[in-house]
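For reference, the structure discussed in these notes is given below.
Letters A, B, ... are given to chains in the order of the sequence lines, protein chains preceding strands, and every chain is numbered from 1.
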Amino acid sequence: MSDYRPQELERKWQQRWTSSRVFEVTEDQSRPKFYCLEMFAYPSGHAHMGHVRNYSIGDALARMKRMRGYNVLHPFGWDAFGLPAENAAIKNGVHPEASTRGNIAHMKGQLQRLGISYAWGRELATCDSEYYKWNQWLFIRMFERGLAYRRRSSVNWCPSCNTVLANEQVVDGGCWRCGTPVEIRELEQWFFRITAYADELLDQTTTLTHWPEKVLTMQRNWIGRSEGARVKFALEARIPDPGSPIPASIEVFTTRIDTIYGATFVLLAPEHPLVGSLAERSTDPASFRRQVQAFRTQDRAARISGDIEKQGFDTGFRAVNPFTNQQVPVWIANFVLGEYGTGAVMAVPAHDERDFDFARKFNLPIRVVVTPDGRPVPAEELSEATVAYGTLVDSGPYSGLPSAEAQKQMVAFARERGLGEATVQYRLKDWGISRQRYWGTPIPMIYCEKDGIVAVPDDQLPVVLPQVAQFTGRGDSPLAQVPEFVNVSCPKCGGAARRETDTMDTFVDSSWYFYRFADPRNDKMAFDPAAVKYWLPVDFYVGGIEHAILHLIYSRFFARVFRDIGMVDHDEPFTHLLTQGMVLKDGVVMSKSKGNVVDPDAMMQKYGADALRLYVMFVAPPEKEVEWTDAGLEGSFRFLARVWRLVDHWCETVGGEGVGSADGCDSLNAAERALRRKTHDTIRRVTIDIEERQQLNTAVSAMMELVNELYSFSDQTVTGGPAHRVDEDVDHAGAFERRETICVVREALETLVRILSPFAPHMAEEMWEKLGHATTLAAATWPAYDPDVAKAEEIVVPVQVNGKVRSRLTVPAEVSEQELERLALIDPAIQTYTAGKTVKKVVVARGRLVSVVVQ
RNA sequence: GCGGAAGUGGCGGAAUUGGCAGACGCGCUAGCCUCAGGAGCUAGUGGCCGCAAGGCCAUCGGGGUUCGAGUCCCCGCUUCCGCACCA
């Protein structure tokens, strides 16, 4: 008898897996491939429970699929560039490269102790020039195609991180990383034209049938397509014209052109390009500018704290509603967004809540032009805006038309007259990728006085990140401090030029790493298209919901870019997405600042990696949040110890080479048949739970049931089952004379060990060995389920009378419906309820239930 | 406000197509074993009534469909998540 001591045996099997290279793969055409991927890790220094859960889930699937005969690619890597390493450098002077390498080494050790079946031979880190060289290569391809471009723009600036943020990285008005309120700055920036793919990214969400609905919804909302029209409102010519000419009209964007007869004023965003000219020509330019400035500064800060009051002022200028030909006042309003649509809107107070509030506050006219039934309603009767579609009233020739039809005709009219046209607006904006930081991929561009913006020639890639000794945290790009980096000769004219000193957003790195895993050591190209064609798309991708927008939309964008430059032949990179829930402690996310972190290393030290893995999969379905409890982990440990004792008890008796089966035994007694049935039914349940449902918690439950059954079987079979043997240490081997018992138990144990191996691989290997197998379990075959064996011979069928269960019939599984009905009606317990009453109806659900209705 | 998901014992959670609600585990109770137990084994564990057999009530609340509803439909409540002045 030996006790379950996970630590030693886990080390043993980890070493064997490494030395036998069982998890390394090639493009084996003879087997179906399966690409199982967990989101790679930022090397923060320590793996946390979220990592443990993420990788345990992925590993269970990878190991199971491998045993099912798939050629499984299961790689891991490091999202190694990023701000924390650089901020640490500013604080304590350790170079980001050094701290990152150290963190990777430590975390890799942790993951190896967890026993995740990674193909470590394919490991990559994005901070290696062998990797980021291809970021640069791809950037240049995008530049050539107009998908990467440079422009001056207002950008989100985090004053704490001292760098720019993409729109996707601004959360509640603050930095996604540190929460500091975001400021607006004007900078020259590089952008990726993700909007060129907006429609495709939106439309193809419908093809992602194995993605969580929640993620698709979030992406759809983020892209935010809305169909409408741009319409020009002519500016009144009465504007005095000292100085520069100004546009003759204001273009507005609207989704409700059918309400244009109710457009009684025009609103401009404080950022609208026309504002300067209007100020200049206004009666009091100084006051005009002061008010605009107040709105501009107010905007961001106010948005963080929540609602802001609607404010605005009359510019004094007038525009003409092109449908009514009436003059309407032009106001500037703090709630109109400069970056959406045209930065100008036609205000229809009767049919838009915001415009209604604004009109009421400033006493502007309201006109009702759409009603549910086409009957006019006086504006005075409105207590709030009516936003719904209906029938037009007081709308000239369009009166009486339904909204939808009116929209069509009005757009057509506007187009004919050159007043406007149908257009589509997106909430999605181009992806700003310039970062004024050091620890990232240098943008491979050169600025020449003569030739302008010039790409670094391919044969000069990579542009290697230079060594920088001092990290000051000042707001400018650290690379600008390195003259030998900055000063280059122009690749075109050879004259003096300077390099771009910004680096790329690290989300660029993570947008295509899953392709690189297919061919990670290629030094001629980003990846061999043939290797990617074999492995991609990723069959199963596991990661946190926090990447629902950022990473997952950028990756879908990059897949299309690679497709359009001819390197991949699919549209979508991830077939099946599983977003695992967070691991909480005391109801909140574990974090150092809250002091509620449970350290995976400590848990592995105490209970072993297998128990930890099993626990995080058993505690709840993968996508749910879970609350960490030590007691739960102990329970999982106890279960493994229970399995251990069971196998320990039986192994000498039933062990042997080759996988055993009870197929040949045809003289099984009832207990043996029952155990076989449970064994095969467990295979069925666990297989479906992992492969089809990813419901890992119920897979574990099923195995626990089998173990419970094996214990009772042992108790029935021999005096002193495994329980007693612990203390008595008696050799019972001689007690088993029945060959059938040995066959059935062996089949059950070999099944159990194999289906448990995706969850507790080390212990499963050890038990597999104890059962007499010389080859590694990691490469063993998943047990086959025999439906005939799993089928019960006898079933218990409940019988209801008027909806309440009154009796149970034990009948042969093959029993007919007629026979079931007959048996139910003659059952004494049922007859006590039917006596003296009329049986109105009997419903038989074959194999499930009999329902008798009496009156 | 808009959009999404979900409400089941003391707790985490089960329940194929509408078919025995509460699998499995945690916790708790009792017994056995033990020098000891934070080990192991056995049994019990939704509520109420009952000595018992058994009965009644129970899946957020209220209606409905059905022989039969946690599951389907309608109304309402609550919670969580995402977006949020996007015209």
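- Closest contact between the side chain of A:Arg427 and the listed nucleotides B:C20, B:A84, B:G38 involves B:A84.
- Distance check on atom C1': B:U78 versus B:U59 gives 16 Å, rounded to whole Å.
- An OP1 or OP2 oxygen of B:C24 is reached within less than 4.0 angstrom by no side-chain nitrogen or oxygen of A:Arg685.
- Listed pair A:Asn708 / B:G25 meets the phosphate criterion, a side-chain N or O lying under 4.0 Å from OP1 or OP2.
- The side-chain hydrogen bond (donor to acceptor under 3.5 Å, both in side chains) search around A:Arg53 returns none, not counting sequence neighbours.
- Nucleotide B:G70 forms no Watson-Crick or G-U wobble pair with any nucleotide shown, as no partner meets the under 3.5 Å limit on both distances.
- Residues satisfying the side-chain hydrogen bond (donor to acceptor under 3.5 Å, both in side chains) test with A:Ser395, not counting sequence neighbours, are none.
- In this structure, B:C80 forms a base pair with B:G4, meeting either the Watson-Crick or the G-U wobble geometry with both donor-acceptor distances under 3.5 Å.
- A residue-by-residue look at A:Val797 and A:Tyr426 shows that A:Val797 has its nearest nucleotide of RNA chain B further toward the 5' end.
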With side chain to side chain donor-acceptor pair (under 3.5 Å) as the criterion, how do A:Trp628 and A:Asp630 come out once you've worked through the C-alpha distance, each side chain's angles and the decisive distance to 0.1 Å? CA-CA 7 Å; A:Trp628 176 271; A:Asp630 286 3; 2.7 Å; yes

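- Going from the C1' atom of B:U16 to that of B:C2 covers 35 Å, rounded to whole Å.
- Within the shown strands, nothing qualifies as a pairing partner of B:A53 under the Watson-Crick or G-U definition with both distances less than 3.5 Å.
- B:G54 adopts an anti glycosidic conformation, its chi angle falling more than 90° from 0.
- Across all strands, A:Pro621 comes closer than 4.0 Å only to sugar-phosphate atoms, never to a base (heavy-atom distances).
- Residue pairs satisfying the salt bridge (Lys or Arg N to Asp or Glu O under 4.0 Å) criterion with at least one member in residues 690-710 of chain A, sequence neighbours excluded, are listed as follows: A:Lys65-A:Glu691, A:Arg68-A:Glu691, A:Lys678-A:Glu705, A:Arg685-A:Glu705, A:Asp689-A:Arg693.
- For A:Asp352, the salt bridge (charged side-chain N to carboxylate O under 4.0 Å, His left out) test picks out A:Arg354, with sequence neighbours left out.
- An OP1 or OP2 oxygen of B:C41 is reached within less than 4.0 angstrom by a side-chain nitrogen or oxygen of A:Arg642.
- Shown here, B:G27 forms a base pair with B:U45; the pair counts as Watson-Crick or G-U wobble because both key distances fall under 3.5 Å.
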Between the protein and nucleotides 16-18 of chain B, which nitrogen or oxygen pairs are less than 3.5 angstrom apart?
from, atom 1, to, atom 2, distance (Å)
B:U17, O4, A:Arg848, NH2, 2.5

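- Remark: A:Thr342 pairs with no residue by the side-chain hydrogen bond (donor to acceptor under 3.5 Å, both in side chains) rule, at least two apart or across chains.
- Regarding contacts with the backbone of B:G55, a side-chain N or O of A:Tyr833 is found under 4.0 angstrom from either OP1 or OP2.
- Mapping A:Leu849 and A:Ser226 onto RNA chain B by nearest heavy atom places A:Leu849 at the nucleotide closer to the 5' end.
- Side chain to side chain, A:Asn221 and A:Arg427 fail the donor-acceptor criterion of an N or O pair below 3.5 Å.
- Across all strands shown, B:A36 forms no Watson-Crick or G-U wobble pair with both distances under 3.5 Å.
- Judged by distance alone, with hydrogens and angles left aside, A:Arg354 brings a side-chain donor or acceptor within reach of the base of B:A87, the pair sitting under 3.5 Å.
- Proximity note for A:Ala845 (side chain, C-beta onward) versus B:A15, B:A87, B:G19: the nearest is B:G19.
- Residues passing the side-chain hydrogen bond (donor to acceptor under 3.5 Å, both in side chains) test with A:Trp222 are A:Glu168, sequence neighbours excluded.
- In summary, the aromatic rings of A:Phe618 and A:Phe639 are positioned with their centroids too far apart to meet the 6.0 Å limit.
- When heavy atoms are screened at a 4.0 angstrom cut-off, A:Arg806 is found touching the sugar-phosphate backbone but no base atom.
- The residue A:Lys804 sits close only to the backbone: its heavy atoms come under 4.0 Å of sugar-phosphate atoms, none of a base.
- Remark: the A:Arg808 side chain and the B:C20 base include a donor-acceptor N/O pair separated by less than 3.5 Å.
- Taking atom P on both nucleotides, B:C75 is separated from B:A87 by 27 Å, rounded to a whole Å.
- Counting any heavy atom pair closer than 4.0 Å across all strands shown, A:Glu634 reaches no nucleic acid atom.
- Closest approach to the A:Gln800 side chain among B:C86, B:G19, B:C24 is made by B:G19 (side chain taken as heavy atoms from C-beta onward).
- Within the nucleic acid shown, A:Gly341 has no heavy atom closer than 4.0 Å to any nucleic acid atom.
- Atom C1' of B:U66 sits at a distance of 12 Å from the matching atom of B:G19, rounded to the whole Å.
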Polar atom pairs between nucleotides 1-12 of chain B and protein, under 3.5 Å, N or O only, would you list them?
from, atom 1, to, atom 2, distance (Å)
B:G12, O2', A:Val619, O, 2.7

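- Using a 4.0 Å heavy-atom distance criterion, A:Val843 is classed as a base contact.
- Ring pair A:Phe637/A:Tyr4: centre-to-centre distance below 6.0 Å.
- With a cut-off of 3.5 Å on both pairing distances, B:U16 has no Watson-Crick or G-U wobble partner at all.
- Taking the six-membered ring for Trp, A:Phe313 and A:Trp331 have ring centres at least 6.0 Å apart.
- For residues 220-229 of chain A, the set of pairs meeting the salt bridge (Lys or Arg N to Asp or Glu O under 4.0 Å) definition, not counting sequence neighbours, comprises A:Asp199-A:Arg225, A:Glu213-A:Arg220, A:Arg225-A:Glu227.
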